[in-house]
There are 2 protein chains.
Amino acid sequence: MDIDSAAAAEPACTELLTPGAARGGPVSHALSRVARLHRIAAGRLLKDLGLYPGQEHLMMHLWDSGAVRQADLIKAMDLDPSTVTKMLQRLEQTGYVRRRPDPDDRRAVLVEATDGSCSLLTDVRSAWASLEEHTLAGLDPAERAELARLLGKVEGNLCQETAGCPGTL
Amino acid sequence: MDIDSAAAAEPACTELLTPGAARGGPVSHALSRVARLHRIAAGRLLKDLGLYPGQEHLMMHLWDSGAVRQADLIKAMDLDPSTVTKMLQRLEQTGYVRRRPDPDDRRAVLVEATDGSCSLLTDVRSAWASLEEHTLAGLDPAERAELARLLGKVEGNLCQETAGCPGTL
DNA sequence: GCCCATTACTTGGCCGGCCAAGGTAAAGTT
DNA sequence: AACTTTACCTTGGCCGGCCAAGTAATGGGC
């Protein structure tokens, strides 16, 4: 076997491994995978609306709150300021969002959904409803509630020490 | 009130909203938030090791499997090929990964963890263990199992029609 | 042997997300 | 009033992730 010459290519730390065992916490793994799949699913539903996953969160918040100071938006969504800035720049360019300086505070910016964006509202809502249903298919109400409850607890855990959790509002 | 002149700045679609109601499925929302927090928590633990969140998945797989064809790696992780290419380029540059052409197939590339990366193994594993514990703090074993089970079901749901699920292997 | 479909990977572009650093304006101190 | 701190936002850089398009090699049909 001349492939034997490639013996130097062995895993190298196989000896250190109990077989098949770098894999860490099962829930963490599952969470990552599920989150990614969920995001992809959201993306598929959203792309027809001209939105990218993540933007719908922001829009929902704007539809709910009307004109808001950008700082409040950032706090409410608990995102990095720079992230929000860029998202808003793109959403503004596509015409779903309008920004104007806050007359009362020349540092601040007021953000609001444009009239044009309102046509999206229904679609986004139904997309999310469909996503929710797709996600939870085959789970009975009790299981759904339990999942929501457990996710809530986990969120609480991860929020602690991570600082700046929106729930702290 | 001169702010009245800004009346045109109203939410614009408030009328269309049952109050406070663009918000979609509660589980989907929770899932997004939890996933983000989880990723951030992972990032904090990983940055000390010189890894970015996501890379540890790849490394774990490599540690488990030894030298692998990149195509298999892609299939196993169920990621976009281009994503894996870039991650590998970065990991190669930081010295955690080695790539060489597959002698049996000149299109293919064999990937493996370097010896140097082996020192990470322990740390990554403990980081994930700690992450898992942090994530699940306050959940008793039954709840943990239930969460894992429910996430599994959800993953199954989201996999269907999304094609190319690793579980299908 | 030739041609075409398939497979394997790369490149470039874009988005969400983070951090770090910068600039401007408001608020607090002295 | 002048100075310092704090708040608000932007810019630039980087990473994971996706898609679309492109190159190169393999393999199947004829």
Side-chain angles (χ1 to χ4, degrees), chain A residues 32-33 35-47 49-59 68-94 96 99-111 162-164, chain B residues 32-33 35-47 49-59 68-94 96 99-111 162-164:
Chain A
S32 309
R33 284 196 309 259
R36 197 182 121 259
L37 292 171
H38 185 263
R39 189 181 186 80
I40 291 177
R44 298 201 185 222
L45 291 171
L46 255 30
K47 77 186 302 186
L49 309 180
L51 288 179
Y52 291 84
Q55 298 185 331
E56 87 282 11
H57 274 140
L58 202 160
M59 291 308 299
V68 200
R69 287 186 39 158
Q70 190 166 320
D72 294 340
L73 190 59
I74 289 167
K75 238 174 293 178
M77 309 222 334
D78 189 34
L79 287 178
D80 191 273
S82 62
T83 299
V84 174
T85 295
K86 290 184 193 167
M87 285 177 74
L88 287 176
Q89 288 171 341
R90 286 159 188 154
L91 285 170
E92 188 173 26
Q93 196 169 0
T94 62
Y96 291 149
R99 295 155 83 205
R100 62 196 152 92
D102 183 343
D104 298 349
D105 185 340
R106 277 192 294 184
R107 305 170 288 180
V109 174
L110 292 178
V111 187
T162 307
Chain B
S32 308
R33 285 196 309 259
R36 197 182 121 260
L37 293 171
H38 185 263
R39 189 182 187 79
I40 291 176
R44 297 199 186 224
L45 291 171
L46 255 32
K47 77 186 303 184
L49 309 180
L51 288 179
Y52 291 84
Q55 298 185 331
E56 87 283 11
H57 274 138
L58 202 159
M59 291 309 298
V68 200
R69 288 189 36 162
Q70 190 166 320
D72 294 341
L73 190 60
I74 289 168
K75 239 175 293 178
M77 309 223 331
D78 190 34
L79 287 178
D80 191 272
S82 63
T83 299
V84 174
T85 293
K86 289 183 193 165
M87 285 176 73
L88 287 176
Q89 288 171 342
R90 284 158 189 155
L91 284 170
E92 189 173 24
Q93 197 169 0
T94 62
Y96 292 149
R99 294 155 85 203
R100 62 194 151 94
D102 182 342
D104 298 349
D105 186 340
R106 278 192 293 184
R107 305 170 288 179
V109 174
L110 292 178
V111 188
T162 308

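A quick note: this is a predicted structure, and the numbers were derived from the prediction, not measured. In what follows, chains are A, B, ... by sequence order, proteins preceding strands, each numbered from 1.
Side-chain nitrogen and oxygen atoms of Arg90(A) include at least one within less than 4.0 Å of the OP1 or OP2 phosphate oxygen of dC15(C). In this model, the phosphate group of dC15(C) is not approached by any side-chain N or O of Gln55(A) to a distance below 4.0 Å at OP1 or OP2. Distances shorter than 4.0 Å separate some side-chain N or O of Arg99(B) from OP1 or OP2 on dT10(C). For dC18(C), one of the phosphate oxygens OP1 or OP2 lies less than 4.0 angstrom from a side-chain nitrogen or oxygen of Thr83(A). An OP1 or OP2 oxygen of dC8(D) is reached within less than 4.0 angstrom by a side-chain nitrogen or oxygen of Arg69(A). For dT24(C), the OP1/OP2 oxygens have no side-chain nitrogen or oxygen of Arg106(A) closer than 4.0 Å. For dC18(C), the OP1/OP2 oxygens have a side-chain nitrogen or oxygen of Arg36(B) closer than 4.0 Å.
Using a 4.0 Å heavy-atom criterion, one finds that Leu79(B) contacts the sugar-phosphate atoms exclusively.
Mapped onto DNA chain C by nearest heavy atom, Pro103(A) and Val109(B) fall at different nucleotides, with Val109(B) at the one closer to the 5' end.
Between Gln89(B) atom CD and dC15(D) atom P the separation is 11 Å, expressed in whole Å. Rounded to an integer number of Å, the gap from Gln70(B) CD to dT26(D) P is 16 Å. Distance CG (Leu51(B)) to C1' (dC14(D)): 15 Å, rounded to an integer number of Å. One atom, CD1 of Ile40(B), and another, P of dG16(D), lie 16 Å apart when rounded to the nearest Å. Taking atom CD1 of residue Ile74(B) and atom P of nucleotide dG17(D), one finds them 13 Å apart after rounding to whole Å. At whole-Å resolution of the value, CG in Asp80(A) and P in dT10(D) are 12 Å apart. Between Leu110(B) atom CG and dA8(C) atom P the separation is 12 Å, expressed in whole Å. The CE-C1' distance, from Met87(B) to dG17(D), rounds to 9 Å in whole Å.
For the pair Ser32(A) and His38(B), the tightest heavy-atom approach, listed with the atom from each and the gap, is OG-CE1, 4.1 Å.
At a cut-off of 3.5 angstrom, the base of dA7(D) holds at least one donor-acceptor pair with the side chain of Arg107(A). Judged by distance alone, with hydrogens and angles left aside, Ser82(B) brings a side-chain donor or acceptor within reach of the base of dC19(D), the pair sitting under 3.5 Å.
You'll find that the side chain of Asp105(A) is closest to dA25(C), out of dA25(C), dC15(D), dG17(C).
Taking the side chain as every heavy atom from C-beta outward, Val68(A) and Leu110(A) never approach each other to under 4.5 Å.
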